Structure formats: structure tokens, C-alpha cells
Amino acid sequence: MNTHDSLCRSLSYLAECIVISVDYRLAPEHKFPKAVEDAYAAVEWVAQNGEEVNVNTEQIAVGGDSAGGNLATVAALIAKEKGTPALAYQLLIYPSTGAGMATESQRENGKGYFLTTDMMTWFADKYFNSFDELQNPYAVPLKAEDLSGLPPALVITAEFDPLRDEGKMYAEELKKAGVDVTYTCYDGMIHGFVSMDAFISKGKDAIAQAANALRDVFQY
């Protein structure tokens, strides 16, 4: 996708890996769970057609930021439940994992820091069909009953981001389930800072951290 082309190129260059940027059906024309279905279908396709894109299908990672982080977590959950494909890593950058859950970071950072509570409410209204879907772990990964067996993860959040606490909470739940997790909150940063790396040095730092994690996983 054009919005993340620069980030994907940076990760591909620094991690020396192939990055496949996935588009998916968007709300409100395509509400939940269409985006989830597309995310898992993309992972499944890569696993089944790795030779076509020169991918080692034994070393597939999923990743995303914000809503994309949500879809990456859910794709990993579905892959675990279906038993395929085997995933090597999760790269989750300020992921949305707790839609509908009140957190301190939402109260602290819901206004004035780029991503606002009003915006998230608007997004949710366009994405979900009903409030009942907020109990579905494919919509809200923090509702998942069992996170054990998921691939190792790097979870990155930002201090002044309404999503900070749900990202931290998800990292903590992964650890409780026995998943190997690295959690980093970048002080002084806002939602979206990683994509602002041309102007914000900590954006470059976060990309470097992500790339190093991927290099370690892929053992270059």
C-alpha cells in the first residue's frame, strides 16, 4: 500500500528480507470480518506460493501498525488455531488490540496527539456491525482466551498514543501465555511516529529495532 511503501522498503533493506505489503477490503463497504479474512488469506497464499515470490516458507513473519497490527495479531491467532501456516514472528507496531476497552492512555492521550478517541470511535462505527463483535477475539485480540503457542513478538508503542496501554497489555498477556515477547514504549512519541522517520529520529530507531529483530529471527 502506498501509505506504507517507505516503511516496507526500509524494513526490507535493513532486515535484508522480502516484505509483502498486503491490501485488504475496507470498511464501511466491507465490514468485519472481511479485513480479517483477507489478512489470513494473504498469509496462507504466501505459505503456499513462496517460490513465486522467492520466500522461505519456513520463515514467515506477520506484521503491521495500528489497524494493520490488529490484523497481524489476528492472522497469527487464526494460523495457530488452524495449525497452518507455521509463523516465525510477529512485528506489532502500536497495534489496536482492545477496541471498546477503556484505558488510561485513552484518557490521557485521547485529544491533541494525532490519533484521537473521536477518530477511533468513528473508525469502529464504520468497521463493526454491532457492539457484540467487540467480544470476538478476531476483532479484539485481548479477548482471546488462549495466546499460548503464538510466535515470538516485538510490540512497539508510543508514550502519547491512545493505543499505548492496549499494546502493552497484549504484550503482557503474550508473556503470561509463555510467548517470547520484547516490548518497547518510545518516550515522547505519538501514534504514527514510525512512519514519520524522515522527520523524527526515534522513528528511525524503531525501524532499526524492528529490522534487527527480523534479522535475528531469519538468522542472517
Side-chain angles (χ1 to χ4, degrees), residues 1-30 32 34-47 50 53-55 59-76 79 87-97 99 113-116 119-120 122-124 126-127 141 151 153-158 160-164 166-167 170 182 184-186 189-215 217-218:
M1 296 176 64
N2 291 337
T3 56
H4 288 69
D5 183 68
S6 177
L7 174 57
C8 290
R9 286 175 182 269
S10 295
L11 283 173
S12 180
Y13 175 74
L14 294 172
E16 298 184 55
C17 68
I18 293 171
V19 173
I20 298 174
S21 181
V22 177
D23 204 354
Y24 52 88
R25 286 172 289 180
L26 300 176
E29 293 83 4
H30 305 284
F32 176 84
K34 298 304 182 184
V36 169
E37 293 170 353
D38 292 349
Y40 177 71
V43 174
E44 191 174 38
W45 185 92
V46 172
V53 287
N54 198 30
V55 165
Q59 292 186 318
I60 298 175
V62 292
D65 72 332
S66 195
N70 171 281
L71 294 177
T73 66
V74 173
L87 298 177
Y89 204 67
Q90 303 176 78
L91 173 57
L92 310 177
I93 302 174
Y94 27 80
S96 172
T97 60
Y113 294 106
F114 184 59
L115 178 65
T116 67
M119 290 170 64
M120 291 189 294
W122 188 86
F123 294 147
K126 298 297 181 288
Y127 182 54
L154 169 61
V155 181
I156 290 174
T157 61
F160 296 113
D161 184 352
L163 299 183
R164 181 196 68 211
E166 57 194 76
Y170 193 69
T182 298
T184 303
C185 180
Y186 279 81
M189 294 295 99
I190 62 172
H191 188 84
F193 81 98
V194 174
S195 295
M196 304 174 190
D197 60 297
F199 312 100
I200 300 176
S201 61
K202 287 188 178 181
K204 290 185 174 64
D205 294 342
I207 293 173
Q209 181 186 14
N212 288 335
L214 291 173
R215 287 176 64 89
V217 170
F218 298 148

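On a predicted model such as this, the values are computed, not experimentally measured, just so you know.
The salt bridge (Lys or Arg N to Asp or Glu O under 4.0 Å) check on Arg25 picks up Glu37, Asp38, with sequence neighbours excluded. Contacts of Ile20 classified as side chain to side chain contact (heavy atoms under 4.5 Å, CB included), with partners at least two apart in sequence or in another chain: Ile18, Val22, Val46, Val53, Val55. For Tyr186, the side chain to side chain donor-acceptor pair (under 3.5 Å) test picks out Gln209, with sequence neighbours left out. When the ring pair (Phe, Tyr, Trp, His ring centres under 6.0 Å) test is applied to Tyr127, the partners found at least two apart in sequence or on another chain are Phe32. By the ring pair (Phe, Tyr, Trp, His ring centres under 6.0 Å) test, Tyr89 pairs with no residue at all, sequence neighbours left out.
Between Tyr170 and Pro141 the shortest side-chain heavy-atom distance falls below 4.5 Å. When side chains are defined from C-beta on, Thr184 does not count as touching Thr157, because their heavy atoms never get closer than 4.5 Å. The side-chain heavy atoms of Gln59 and Val217, taken from C-beta on, include no pair separated by under 4.5 Å. Val155 is listed as a side-chain neighbour of Pro95, based on a closest heavy-atom distance under 4.5 Å.
The two residues Tyr40 and Ala75 have their closest heavy-atom pair at CD1-O, 4.0 Å. In terms of heavy-atom proximity, Leu154 sits nearest to Ala210 at CD2-CA, 3.7 Å. Contact between Ala15 and Ala211 at its shortest, heavy atoms only, is CB-O, 3.7 Å. Considering all non-hydrogen atoms of both residues, Gln90 and Pro151 come closest at NE2-O, 2.9 Å. The two residues Ala76 and Leu87 come nearest to each other via the heavy atoms CA-CD1, 3.8 Å.
With values rounded to the nearest 0.5 angstrom, Leu7 atom CG is found 5.5 Å from Ile93 atom CD1. Separating the CG atom in Asn70 from the OH atom in Tyr94 is a distance of 15.0 Å, to the nearest 0.5 Å. Ser10 OG to Ile207 CD1: the interatomic distance, rounded to the nearest 0.5 Å, is 4.5 Å. The line from CG of Leu71 to OG1 of Thr73 is 7.5 Å long, rounded to the nearest 0.5 Å.
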Distance-only donor-acceptor pairs under 3.5 Å for side chains of residues 189-205, two or more places apart:
| residue | atom | partner | partner atom | Å |
| --- | --- | --- | --- | --- |
| His191 | ND1 | Asp161 | OD1 | 3.3 |
| His191 | ND1 | Asp161 | OD2 | 2.8 |
| His191 | NE2 | Ser66 | OG | 3.0 |
| Lys202 | NZ | Asp187 | O | 2.8 |
| Lys204 | NZ | Asp197 | O | 2.4 |

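The backbone N or O of Ser96 lies less than 3.5 Å from no partner atom in the side chain of Glu166, so there is not a single donor-acceptor pair. Of the possible donor and acceptor atoms, none in the side chain of Ser12 sits under 3.5 Å from a partner among the backbone N and O of Cys8.
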| message | Quick one, Leu91 with Leu11, criterion side-chain contact (heavy atoms from CB on, under 4.5 Å). Give me CA distance, side-chain angles, the key distance, then yes/no. | response | CA-CA 11 Å; Leu91 173 57; Leu11 283 173; 4.1 Å; yes
